Every structure is written in structure tokens, then in C-alpha cells.
Amino acid sequence: MDLQGGDIQQPGTGGRTAQALAGRRILLGITGSIAAYKAAVLCRLLKTAGAEVRVVMTPLAKQFITPLTMATLSKNPILVEFFDPENGAWNSHVSLGEWADCYLIAPATANTLAKMSCGIADNLLLTTYLSARCPIVVSPAMDLDMYAHPSTQENLQRLAARGVRIIEPAEGELASGLTGKGRMAEPARIAAYVGELLAAEDPEKKKSLQGKRFVVTAGATIEAIDPVRFISNHSSGKMGYAIAGALAARGAQVTLVSGRTSLPTPPGTKRVDVLSAAEMYEAATAAFDDADGAVMCAAVADYTPDTVSETKLKKGDGELCITLRRTRDIAAELGARKGGRLLVGFALETHDEQAHAEAKLAKKNFDFIVLNSLRDAGAGFRGDTNKVTFIDRCGREELPLLTKTEVAERIADKIQSMLN
Ligand code: PMT
């Protein structure tokens with residue numbers, strides 16, 4: 001096993017997240033999964049970034065990675081039992097929870113997630129979860145069918161609703177030999193996520209947008225053709241949700257106008273669900289009236305069927321033509337009425353990126369525009385990363401491949417500096 005295990009700077013982590021880990025206390029929980037071997041790499045990355053790491057393991061986790069390995073890497077004794085059978089010394093879950101700046105459970109099995117979701121406390125890792133007051137992060141790892149099972153998904157949703165942060169597993173080859181979604185995220189990504197989280201938890205940062213109100217649009221719109229079919233696009237909402245979360249984490253009041261998605265609502269935001277571009281227009285323009293700014297991240301349909309059939313269209317022998325008419329441009333409307341308020345746009349391009357983005361910046365009266373191109377690997381729809389360039393009237397700033405959470409932090413930084 002290569003304990004260097006990748007570099008915390010990549011992909012898309014940046015020195016700031018590594019900095020945020022320095023001197024912070026991470027409690028690393030390990031459960032009984034084949035992915036436990038990655039916890040060694042993760043521990044090493046956290047230590048290299050200057051974090052203090054203590055490790056709590058479930059009894060089963062010891063079958064997958066030895067306490068000796070984890071004690072050597074963390075430079076702390078490993079905690080498994082409620083007390084030491086040799087001398088009766090008590091391992092206090094309360095003080096462990098109090099000690100940690102972040103409790104990171106990686107890998108988190110379906111079994112542990114289920115127990116967390118219903119408050120079962122039959123091992124030290126779980127009692128510590130129940131008493132921890134710090135941010136909790138879980139990185140699920142399991143077989144694809146276990147991950148997709150409605151009970152696992154319900155447990156994850158319940159945990160997310162309680163504020164537990166979930167690092168989505170990746171797709172790929174699994175220990176079962178099957179291929180699908182369920183692989184624990186790579187250690188560099190997990191360490192970066194924790195760094196970003198702790199950076200955002202900085203008490204000064206938490207108040208930096210207090211009193212400000214923002215509208216954020218996110219996700220795809222859906223334009224009905226008939227009761228069965230629609231026109232839409234690939235936006236998952238991840239980028240917009242990350243922005244809404246980053247602004248809310250700094251104390252802003254955020255109205256998140258969202259297309260259809262299964263993402264959990266970011267803590268501290270008011271979510272307004274919409275389907276069509278027309279509905280998004282109504283919700284976004286209404287919320288903009290008393291806002292200080294807006295971030296237009298949604299992928300909005302530019303065209304909608306001219307008429308919506310009330311009944312299912314039946315197939316005939318020939319071709320079918322659907323007449324499309326233009327939708328209203330929400331961003332352009334907000335740009336026309338913005339006055340001194342801040343308006344941030346996005347441009348998703350496939351060619352002549354810079355020219356198209358600059359044209360949108362001017363036409364929609366954005367203060368800056370976030371350009372992402374489908375020609376860049378890891379950028380655009382659905383994934384957890386994005387590669388963006390900020391363009392304003394003074395120039396451009398190209399960012400490396402970052403997680404969407406970190407792109408959102410950079411956007412929030414820029415908004416903050418423009419408002420001050
Ligand atoms: O949701 P994810 O899967 O995470 O993907 C993120 C993303 C790729 C959707 C996001 O990063 C992004 O690029 N969003 C904007 C996509 C887009 O539709 O761009 P556009 O170039 O077509 O539109 C330009 C700007 O005008 C955008 O700010 C858009 O929100 C806005 N617009 C467009 C049309 C319209 N009718 N109303 C609008 O407000």
C-alpha cells in the first residue's frame with residue numbers, strides 16, 4: 001500500500017483547504033468495510049496537513065485494518081471498546097466528541113449509517129456520534145445495491161436533514177466484483193472536503209455575509225410537451241446548491257430557487273421548488289425584489305413548447321414537429337432591474353468559450369460571470385468537481401479543477417470582496 005496516497009492539493013483542493021486542517025482535531029471513525037484500508041491513507045493525509053488525528057474503530061473494523069497500523073499513523077492509541085478490560089479505564093465518548101473539531105466516519109458502512117439514523121449506540125463509534133457537537137462527515141462505502149437500496153437512501157436523507165455531511169461515493173469496480181456506485185471517495189477528496197468544511201466553519205467567516213440577502217437559482221428547468229414528456233437538460237443542481245450553502249454558511253439569507261433534484265436542502269437556506277422556466281422566472285424575480293444580489297446558476301430552458309398537449313401525444317407514421325417559443329431570460333431581467341445590486345451569472349459553453357461568456361456578461365449586465373466548459377474534464381454537469389474561470393470587466397481569473405464545494409467558496413469569497 002502506498003501511504004503517500006495522493007496529494008491533498010489534488011484534485012481541486014488547493015492550499016487553503018490544507019491550511020484549514022493545520023492544528024485542527026479530527027476524530028476519524030472507521031467501520032467494517034473493505035475500504036478501511038483507505039483510512040490509512042486518509043489518516044496520513046490529514047496528519048501531513050498538520051491535523052491532530054484520533055481514531056475510533058468499530059470492533060469489526062479491526063478485521064479490515066489493524067489498530068497497530070492506525071495507531072502508528074495517527075500517533076495516538078486506537079479506541080474501540082467502551083473501557084480497557086485490562087485496567088477498567090473508561091473511553092469517554094462524551095470527551096471524544098467534545099475534543100473533535102470534526103468527526104469524520106470513513107468508511108461508513110450501510111450498517112453504521114442505519115444505526116446512526118435511528119440512534120442505536122452499541123459501540124464506541126456510535127455513542128461518540130450521538131454525543132458529538134462538532135460537524136459530522138460520513139463517507140459511505142458499500143456494494144452498489146446496498147447503496148441504492150431505499151432503506152440506505154432514506155437513512156442518508158435522514159442524516160443529511162440532521163446536518164450530517166455526506167461525501168457521495170464514487171462509481172467504479174467494487175469489492176463484490178460488480179461495478180457501480182458505492183466506492184468510498186478517494187482519501188484526497190475526503191481530506192479536501194474536511195478542510196473546506198473547517199475553513200467555512202471559521203467563526204469570522206460565518207458572519208461575513210450576515211444581513212445580506214441572496215437569490216440563487218439551481219438545477220434544470222423542465223418544459224412539458226404533454227403529461228408524459230418534457231424537454232430538460234443535465235443539470236443536477238449540485239453547483240447551485242453548493243453556492244447557496246456557501247452563502248448561507250457565511251450568515252446570508254438565501255432563497256434557493258430550485259429545479260427538480262433529489263439533493264438535500266443546504267442548511268440555512270429557504271428553498272422554493274419550481275419546474276418550468278416560467279415558474280423559475282416568477283420565483284426568482286419575486287425573491288430578487290428585496291435581495292442584495294443573485295447568483296444565476298440554473299440551466300434554464302431557452303425554448304419551451306408553444307402549446308402543451310393535455311393528453312399524451314400518440315405516435316403516427318410520419319415525423320412530429322413541436323413548435324418551440326422563447327422563454328423569458330431571468331438573468332437578463334434581473335440585470336435590467338438590478339440597480340446597485342450584485343448579479344453573478346454562469347456560462348456553460350462548448351466552444352468559443354471566452355467570447356460567448358463575455359457577450360453574456362455584457363448582455364445580461366452581470367457583475368461577473370463564471371465560465372465552465374464541457375471541453376474541460378471534470379467540469380460542468382452532474383459531477384462533484386468543476387473547472388471555472390471568473391470573468392469581469394477588469395479581466396479573468398482561471399481556477400484549477402476544484403470540488404464544487406470549493407468553487408462555491410471561491411464565488412462566495414469574490415461576492416464578499418465585491419460587496420465590501
Ligand atoms: O447543476 P450541476 O449538475 O452541478 O451543473 C452545473 C452547471 C453546469 C449547470 C452550472 O455550472 C452552469 O454552468 N449553469 C448555467 C448553465 C446555463 O444554462 O448557462 P447559459 O450559458 O445557457 O446561461 C447564461 C446565464 O443566464 C446563466 O446564468 C443562466 O442561469 C441564465 N439564464 C439563461 C436562460 C434563461 N432563460 N434565464 C436565465 O437566467
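Below, all heavy atoms of this structure are taken into account, side chains as well, without hydrogens, waters or symmetry copies. Not measured: the values here are computed from a predicted model. Order of appearance sets the numbers: ligands from 1, and atoms from 1 within every ligand.
For L401 against A377, the heavy-atom pair with the smallest separation is CD1-O, 3.7 Å.
A salt bridge links K360 to E349: at least one charged side-chain nitrogen sits closer than 4.0 Å to a carboxylate oxygen. At a threshold of 4.0 Å, the pair E186-K38 counts as salt-bridged, since one of the basic side-chain nitrogens sits closer than that to a carboxylate oxygen. Remark: K404 does not engage E406 in a salt bridge, criterion side-chain N to carboxylate O under 4.0 Å. Using a cutoff of 4.0 Å between basic side-chain nitrogens and carboxylate oxygens, K414 and E397 are not scored as salt-bridged.
Below 3.5 Å of separation, one finds no N or O of A299 facing any N or O of ligand 1. Where the criterion is an N or O separation shorter than 3.5 Å, residue side chain and backbone included, A331 meets it with respect to ligand 1. Taking any N or O of M239, backbone or side chain, at least one lies under 3.5 Å from an N or O belonging to ligand 1. Looking at ligand 1, you'll find an N or O of M296 within less than 3.5 Å of one of its N or O atoms. Considering backbone and side-chain atoms alike, G383 places every N or O at 3.5 Å or more from each N or O of ligand 1.
Scanning the protein for heavy atoms near atom 19 (O) of ligand 1, the closest one is L348 N, 3.6 Å. With respect to atom 36 (N) of ligand 1, the closest heavy atom belonging to the protein is R328 O, 3.1 Å. Ranking protein heavy atoms by distance to atom 26 (O) of ligand 1, first place goes to K364 NZ, 2.9 Å. Of all protein heavy atoms, the one closest to atom 7 (C) of ligand 1 is N372 OD1, 4.2 Å. Looking at atom 14 (N) of ligand 1, its nearest protein heavy atom turns out to be C297 O, 2.8 Å. Here the heavy atom of the protein found nearest to atom 34 (C) of ligand 1 is D302 OD1, 3.3 Å. Scanning the protein heavy atoms around atom 20 (P) of ligand 1, the nearest turns out to be K360 NZ, 3.7 Å. Among all protein heavy atoms, the one lying closest to atom 27 (C) of ligand 1 is F346 O, 3.1 Å.
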**OP:** May I have the step-by-step check of salt bridge (charged side-chain N to carboxylate O under 4.0 Å, His left out) for D101 and R133, ending in yes or no?
**Re:** CA-CA 9 Å; D101 293 319; R133 293 181 185 164; over 6 Å; no
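Listed by number with element, the atoms of ligand 1 under 4.0 Å from a non-hydrogen atom of G237 are 1 (O), 2 (P), 3 (O). Numbered from 1 in the order shown, with element, the atoms of ligand 1 that lie under 4.0 Å from a heavy atom of S235 read 1 (O), 2 (P), 3 (O), 9 (C). Every atom of ligand 1 is numbered from 1 in the order shown, and the set under 4.0 Å from a heavy atom of R382 is 2 (P), 3 (O). Counting atoms of ligand 1 from 1 in the listed order, those under 4.0 Å from a heavy atom of N386 are 11 (O). In the vicinity of A298, heavy-atom distances shorter than 4.0 Å reach the ligand 1 atoms 15 (C), 16 (C), 18 (O), 29 (C), 30 (O).
Contacts between D329 and ligand 1, counted as non-hydrogen atom pairs separated by less than 4.0 Å, involve both the backbone and the side chain.
Comparing N233, L371, I330, T261 against atom 37 (N) of ligand 1, the shortest heavy-atom distance belongs to I330.
Cation-pi geometry between R325 and Y303 is not met: the NZ or CZ atom fails to fall both under 6.0 Å from the ring centre and inside 45° of the normal. R410 forms no cation-pi arrangement with F390, by the criterion of a distance under 6.0 Å to the ring centre and an angle within 45° of the ring axis.
Residues E358 and Q354 have side chains that bring a donor and an acceptor to within less than 3.5 angstrom of each other.
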